[in-house]
Amino acid sequence: MTTPPYLEALNPEQRAAVLHTGKPLLILAGAGSGKTRVITTKIAWLIREQGLDPRSILAVTFTNKAAREMADRARLIDDRAGFAMLRTFHSFGAWFLRRNGNLGGLPSNFVIYDDDDSVALLATLLPDLPKATVKQTAHAIARAKDYFLSPDDPELALIDHRKEFRRIYAQYEERLAQIGNVDFGDLIKKPVDILRANPEVTQRFRDRFRVIMVDEYQDSNIAQFELLKTLCGPSTYICVVGDDDQSIYRFRGAEVRNILEFPDRFAGADIIRLERNYRSFSPILDLASSVVDHNEGRLGKTLVAHRGPGKTPTLAFLPDQDAEAAFCAELIENSVNPPKAGNAGKHKEAAPPGAQTGRALYSDWAILYRTNAQSLGFETEFLRRRIPYRVVGSLKFYEREEIKDALALLSFLVNPRDEIAFRRVVNKPTRGVGPATVDRIVGEATIGGITDGSAGDIAEAARRIMPALSAKAHSGVAAFFKALDGGLFLLTPDDAVPENSNTTGGKSAGNKAVEKLEKHSKKGRKRDGGNPLAAGEGLSPCVVRLIEDSGIGEYHLTHDDITGQQRIANLQELANAASIYPATHSGLLEFLEHIELDRSIEQGPAGDEEERGVVTLITVHNTKGLEFHRVIMTGIEQGVFPRDDKNGDDLEEERRLFYVGATRAMDELYLTSCAMRRMFGRTMPMEPSLFLGEADKKALRVLGKAPYGFTKRGVASYGSGGVQTKAPVASSDGRWKVGDRVFHDDQGYGAVMEIRESDEGPVIRVKFETGKDIRFLSLHQSSKYTKIGNDA
DNA sequence: TAGTTTTAAGTTTTT
DNA sequence: CTTAAAACTA
């Protein structure tokens, strides 16, 4: 048997991973080690060489982008890979529930609630609690589902120890079931429940999916683990790929133990390590590794930089965030449009092998930050300097008020039991339907419909109760339902879809509505001649009609005339997005599901941006799986990165986040750290990040004035007063006692004067021979890197 | 009740 | 500084 050409390009470990069969497989794939290539090649190889039916392959990822990329790349090797099921966990769950949800009492027309909807639902159950508490509780319920805990699970107390939490969770579940919708957690948990209760269904799925692959396994949660465990029969081949150092979603239930304990949970598992990094020059990897090395509890691995040595990463200390933005802008601008060299002769720097030479493109650059809020400063500066950029992720298009309103209308159309959607829009614009009336209708729906089988149907309940309403409320409710009927009219029932038509039912009327809406959006502000709106197709007339008839469009236009125009434009965009779906009930359902599960908005560069590209502004979290030639990690300051409320395991996660960010860089890496930063509108003094102290200084070139305390030996203390974030030394037995002698790089010898407990651990006050009195937050008294100068 | 004013609070990270 | 929630007035 000859080696197929597509295997030739793989290194021995990659090839071993592709050719592996027969046992569970864990691929520990370091950053930039070509894991996507391994997965896609493996899919193609299974089809071509093993003769596997592509439809019996299930590959799960965590983001839709990753799923799409994987599908595209696998298809490049073999067309038939397009028939494999490549989905996110949540999209797979939704797919499962549409077909088998009835086994768990779920109607097939369920709508997926996002976190806001969950909070809104919970708020109706807990009307007397402050909103913050409701949010917290909703969060706890979501976590519980991530950990696969039902309301009756004894371990529930680990999530939320309040006595009443169990009851609230149960009530929430009951109400959600009455409405007939699901939340995000249900998309994973419910399939497992159903599979376990129905062995014949489990068997069917095990017969169908012979091979299961999981990408980014380090970010899977317990419920997802349970799902995998259930889907895997004795003869299912399971292969998971991940990197424990890149686990950054613990906060939303990801469980690193899934990857650490994979060999225990899937007996006889083999482990293959991919440790050759093809992405970054070695100093970049050295820097990233030196920081993440400070984590305990990791599998540990040695990444080898296949590209060899290159430019040393630069750390720039800057006065404030304005200087930071300017620094980034100049760095970028100088690389894209280099200033004319004053000296004669080409001043071509000796480029490291493999480095790009000549001018950079804007698209080579990415600016990374810890929180979305930090993008603003860069946007302002880049706008001023005419540097093209795109902001990834923060758009939150679907979280805008007007979009949520429109979606609520659509959701209610799909599921008239949706109390949350009903409450949101029934009185918007105000129709004289106050909370009292709404409560009456909802009450009637829950209680009144039991006898005639319309239980929960709010539309039915409203019709029944209408005669008893005041004139004002009556006309308001009537207007609301009339608007809905208008939208419904444009939908074709699924059982009556004509063969050649997905744009049916009053297309011309719909077009008129679109024209009207278009006029609205063009009235005030001139729109750049961008792409002509392709509305009027498929589902969009229905969406437009609903927006118009319900008065939502008008409401937002009149309510706020500055942003009103923008809001109309947003609604228009939503209508456009609907155009690719057929104007049927199931088309509408599909549209809503797509929106809930994939909120990423693909925005390609336009016009002359095509050539030079655009700079990417992005949170570190969002960079997972991406790479850039040149990366600037900004705001490397204590309190920002890591956030100052982080300690213990949370701090380790921040460290991994730093690792993820740094390893995105292929050629050049820059770090910036500000002495001052505006927060909450006030300027605050900042200290360099703990991580800078931990970093290997040999892998760092420092620009600007290093703040007091930033030494070659490590971050010791900054400024004066305040609680320090790192203890100078460890005491002899790991516990502090008053009188312990300590040594500090800058302050010399000292003695512990006082120990106090704080939320974040013991705070010790040390009097040094220099006369200084400094308080330290003693987080790391027993960890390896606090042993500097321990004199016990 | 609806709409306005005042006050407080808060900023992670996302399917 | 921006946003959301409570408090207040017409």
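Just so we're on the same page: letters track the sequence lines, and every chain starts at 1.
Going from atom CG of A:D598 over to atom P of B:dT14 covers 14 Å, rounded to whole Å. Going from atom CD1 of A:I636 over to atom C1' of B:dT12 covers 14 Å, rounded to whole Å. Regarding A:K135, its NZ atom lies at a distance of 14 Å from the P atom of B:dA9, rounded to whole Å. Taking atom CD of residue A:Q224 and atom C1' of nucleotide B:dT15, one finds them 8 Å apart after rounding to whole Å.
Using modelled atom types, one side-chain atom of A:T619 and one backbone atom of A:N622 make a donor-acceptor pair closer than 3.5 Å. A donor-acceptor pair under 3.5 Å links the side-chain atoms of A:N427 to the main chain of A:V433, judged by distance alone.
Listed pair A:T430 / B:dT1 fails the phosphate criterion, with no side-chain N or O lying under 4.0 Å from OP1 or OP2. Listed pair A:N372 / B:dT13 meets the phosphate criterion, a side-chain N or O lying under 4.0 Å from OP1 or OP2. For B:dT13, neither phosphate oxygen OP1 nor OP2 lies less than 4.0 angstrom from any side-chain nitrogen or oxygen of A:N622. Taking side-chain N and O atoms only, A:T88 has no distance below 4.0 Å to OP1 or OP2 of B:dT14.
Counting only N and O atoms by type, the side chains of A:S150 and A:K145 include no donor and acceptor under 3.5 Å apart. In the model, A:N221 has no side-chain atom that pairs as donor or acceptor with a side-chain atom of A:E255 under 3.5 Å.
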| Could you write out DNA chain B as a dot-bracket string, with dots for unpaired bases, | for bases paired across to another strand, and Watson-Crick or G-U pairs counted at under 3.5 Å? | ||||||||||.....
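Stacking between A:F89 and the base of B:dT15 is absent under the criterion of ring centres within 5.5 Å and planes under 30 degrees. Once the 5.5 Å centre distance and the 30° plane angle are applied, the aromatic ring of A:F62 is found not to be stacked with the base of B:dT15.
Base engagement by A:D115 is indicated by at least one non-hydrogen atom pair under 4.0 Å involving a base atom.
Separating the CD atom in A:Q246 from the CG atom in A:L657 is a distance of 10.5 Å, to the nearest 0.5 Å. In this structure, A:L410 CG and A:D418 CG are separated by 11.5 Å, a value rounded to the nearest 0.5 Å.
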